[in-house]
Protein chains: 4
Amino acid sequence: MRFNAGCELSYRVGSPTLFIFSLEIARTQAHRDISDGLSITPEIPLNAFTVPGLENRYFSFVAPAGRLVVRYEAGVDLHVFRRHPADIAETAVADVPLDLLPFLLPSRYCPSDLLGAFAAREFGHLFAGHQRVTAICNWIYDNVAYQPGTSGSSTSATDTLIGRAGVCRDFAHLGIAFCRALNIPARFVSCYAHGLQPSDFHAVFEAYLDGRWWLFDATRQAHLDGLVRIGAGRDAAEVSFATIYGAAEMDGMNVWIKPVGALDVPLIRTTEAISTSAI
Amino acid sequence: MRFNAGCELSYRVGSPTLFIFSLEIARTQAHRDISDGLSITPEIPLNAFTVPGLENRYFSFVAPAGRLVVRYEAGVDLHVFRRHPADIAETAVADVPLDLLPFLLPSRYCPSDLLGAFAAREFGHLFAGHQRVTAICNWIYDNVAYQPGTSGSSTSATDTLIGRAGVCRDFAHLGIAFCRALNIPARFVSCYAHGLQPSDFHAVFEAYLDGRWWLFDATRQAHLDGLVRIGAGRDAAEVSFATIYGAAEMDGMNVWIKPVGALDVPLIRTTEAISTSAI
Amino acid sequence: MRFNAGCELSYRVGSPTLFIFSLEIARTQAHRDISDGLSITPEIPLNAFTVPGLENRYFSFVAPAGRLVVRYEAGVDLHVFRRHPADIAETAVADVPLDLLPFLLPSRYCPSDLLGAFAAREFGHLFAGHQRVTAICNWIYDNVAYQPGTSGSSTSATDTLIGRAGVCRDFAHLGIAFCRALNIPARFVSCYAHGLQPSDFHAVFEAYLDGRWWLFDATRQAHLDGLVRIGAGRDAAEVSFATIYGAAEMDGMNVWIKPVGALDVPLIRTTEAISTSAI
Amino acid sequence: MRFNAGCELSYRVGSPTLFIFSLEIARTQAHRDISDGLSITPEIPLNAFTVPGLENRYFSFVAPAGRLVVRYEAGVDLHVFRRHPADIAETAVADVPLDLLPFLLPSRYCPSDLLGAFAAREFGHLFAGHQRVTAICNWIYDNVAYQPGTSGSSTSATDTLIGRAGVCRDFAHLGIAFCRALNIPARFVSCYAHGLQPSDFHAVFEAYLDGRWWLFDATRQAHLDGLVRIGAGRDAAEVSFATIYGAAEMDGMNVWIKPVGALDVPLIRTTEAISTSAI
């Protein structure tokens, strides 16, 4: 499936301000024939950085006072890997590659160290495998209200467990925290998401099962096979679409994703397991 | 039913230390023919105080350095008030007497203000009345492990919701917090509890329904009709059996309660609604 | 000094809603020749309640859907008790009357149990007395920014210690928490405050020293001898000017206080110790 | 300076348990002529992993039930880089290499996002540079008690700010959190520490200044020029000396470090700036 995705963000900048953006699509094997481009107004030279292994791309610059517009447009062939969920076992923690250790550890918004007993009681008895992580997503969907305005930039998974409301970011953090508490590596994924209404950046999560990263979306807001990845990280902090050091206010934001031409496979709220990760 | 109850507590006191004890049985209408006595070794003059309305009794003194032993013995006829749970409706918040307002408000260990959405989702749809508070107790019993050593003096109801383990104090705090979040007045009750194994001070809670306070024990550790009340308060802080200002270490504690003679009504893990409160 | 004080609050009520108001001035000995009156539009019969001992007055009613306006006007002679701060010693905790125990204990927004080491390090070495509480206020003034919009209804004193910003409510909570951590009884006071700009309800705190409650305002926003008390309580929850159960939105609020005629003593940012409490 | 360092850890293992150890010295440019060895009893094949860039080394294995002893011994020439603190400026956040972004972000135990106002008030006005981070260390040393037993595995920097007590781990977390709140990259460093009494693993932190990582120890417990690095990470979670999945209890622990022969430069509580990082 080929998608056109992109965004246009505008800011009023009060004084010279550092922007670090994470909004380019990741250069993974699942993303082929990428054609993309960036335009910054005014023109400013960029620093660019790609995280080895994860393939997240960041770019940064110091914007002068005044108006700033960042526009990104990309076309990409999204190749998803599908499998029947029942065929995906969990990877025993002893078999998790040591370079994935960070995704087993607690992070700022996913304090999984506090959730061991909780996760064991709710999910410990379930059959291990892809279906257990689906059960986690179902639990979140059933117990947490999707409600913009109820959470903020300091909201952690335990806050969400108490407050029982949040947005995609919070749903992902909670899913990640539960997985890690069960010794399943899990990470945060930012993306362009086909089907999301209204259109916006989206956040889902990946769990490492059977030697591969699989996508999960506890919000049920988007098509799992229509997610074009921007980046993956321990939690939202690492793949925030914009990290700003200075004095700037966003005054416009437009995010889009559209399939190109006829789809070879119709997008559906799939019940298949979906992976778009190289490993 | 007549009970003999009491305790003996001993301390090593390092320097002159203020002790405030709450371990005498309350002078409520449910407690009749009370005969009790206190002995302090060494002999120290006491200050005594009874909370108007609640009838909690406190006594305090400054103990000198050395060994301190406090022994309390009481005999009491416990008159419990029973009703069929299905006959007990909730009191509309507009009909709650204003002097009970404190029991609707959040307190240190019962931050009910954070649990509105949680309580509404879990219990909001249930039939209002005594049975809804029983449902809260069942939820706590099903979701929280009774596990000494997992909580401490700073553990709040939200901590317990995350950690999913605690002792009687934590179970009571969580029950109270849920009730208040549903606009049901609720308070913490310390007591001597027949049936508790091993014998110790116990904590349960009361909810105000249909114009009366009803007892609930989410731990299911004791007989609801065998609870001899010491005191009631907003949460554990108010009815701690010993509040100590100074340098002292407890080195012995013995707590007991026994029925006297043949019981007129056999104590059972009753399914009746039980009240021992005057109002 | 005679003051005229009052407020007019208006609400849009969506469906029948319980309002509990705490905005009448307290009937304490410091408030003499009180003439006050309340008007509710539409006319609704009230329940009224005065807290024994504290003399806080509450009134409540269920308002029908539609517009609600509550107007309160009072005239009062404020008799403040003054003493030189250096003459006010602390009351040893062993000499604190047992009925003040609640004001030594942690409460929802004043978790003093967590602040023992902090308070001991910052204030433990200071000379005990009124001046030590002034030192606490100075610390708060120096270390916390008065900044509307930075805190909310769930903000506790420990949150304020971390976030270092807040409003009068937060300053009072922090002062109370520090005092209690030092075994000084302390409570929250809501009031009409002469000198406050812009005019609003104000919150300060009282510490119990030398057998009397003394006023402190860590915000330095108002005249300590121009505070007309509404109520005192463990923390903000107990003396919220309006506690609402139902669906209502405030759409107007006007609060005022003005001295009547010539002042017998000019109001100043006094350095005297001020008490307006009966005991 | 050449050091011999090492440790012997023993465990009682209840059932097959995964151990991930981080206790080998890092293969950095500051560590030369390393000769080291590991012995595991019983013999178990290891998985080993070195984090690219950081050069932390991990090894892991599944231990069978029974007794486990891990012994590690190393000799190393420690080459420290020294500079006068006054010559070390801060790196403007816009000049921080993008691969260091993780060390600017909040992590589980260093929630720097909550400390912006705090850090700005306490340290914002200080002269930027190595001396500002020293001021942070001094503040921590002055305001937090070094007190074993006051903190645990879930204690974060904000908990330490409230509780005002902790151990090396907590001191490092707080230093890191303050640095990140000031936009100074900072990371946690585990090490063998000459001078530490009693001997144990130690934790310090590094701040990135003037294009290089510099060591800081807010505990003042060890010699900055006698730290043999094990690993660096976002916080303690990443470089825990032992991460255990299963049922095991440590029943013996011995950690040592000793200079070999005569020192070419005497170890002192140096006031120089010390770096042992390659970059």
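To find a chain, count down the sequence lines: A is the first, B the second, and so on, and within it residues start at 1.
- C/Leu101 contributes atom CG, which lies 6.0 Å from atom OG1 of B/Thr243 (distance to the nearest 0.5 angstrom).
- There is no contact between C/Ser240 and chain B, counting heavy-atom distances below 4.5 Å.
- At a 4.5 Å heavy-atom cutoff, the contact between B/Ala48 and chain C is made by backbone atoms alone.
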Checklist entry - What do the steps show when you test B/Arg108 against C/Leu105 for side-chain contact (heavy atoms from CB on, under 4.5 Å), and what is the final call? => result CA-CA 9 Å; B/Arg108 169 66 181 93; C/Leu105 298 175; over 6 Å; no
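- Neither the backbone nor the side chain of B/Ser112 comes within less than 4.5 Å of any heavy atom of chain C.
- Between B/Ser154 and C/Leu114 the shortest heavy-atom distance is CB-CD2, 3.7 Å.
- Contact annotation for C/Tyr109: only side-chain heavy atoms (C-beta onward) come within less than 4.5 Å of a heavy atom of chain B.
- Both the backbone and the side chain of C/Asn47 come within less than 4.5 Å of a heavy atom of chain B.
- Among B/Asp235, B/Val93, B/Val62, the residue with the largest count of heavy-atom pairs under 4.5 Å with chain C is B/Val93.
- Heavy-atom pairs under 4.5 Å with chain B were tallied for C/Pro102, C/Ala94, C/Gly233, C/Ser156; the largest tally goes to C/Ala94.
- In this structure, the portions of C/Leu98 lying under 4.5 Å from any heavy atom of chain B include both its backbone and its side chain.
- Interface residue B/Tyr245: only side-chain heavy atoms are found under 4.5 Å from chain C.
- Contact count against chain C (heavy-atom pairs under 4.5 Å) is highest for B/Asp113 among B/Leu104, B/Asp113, B/Ile20.
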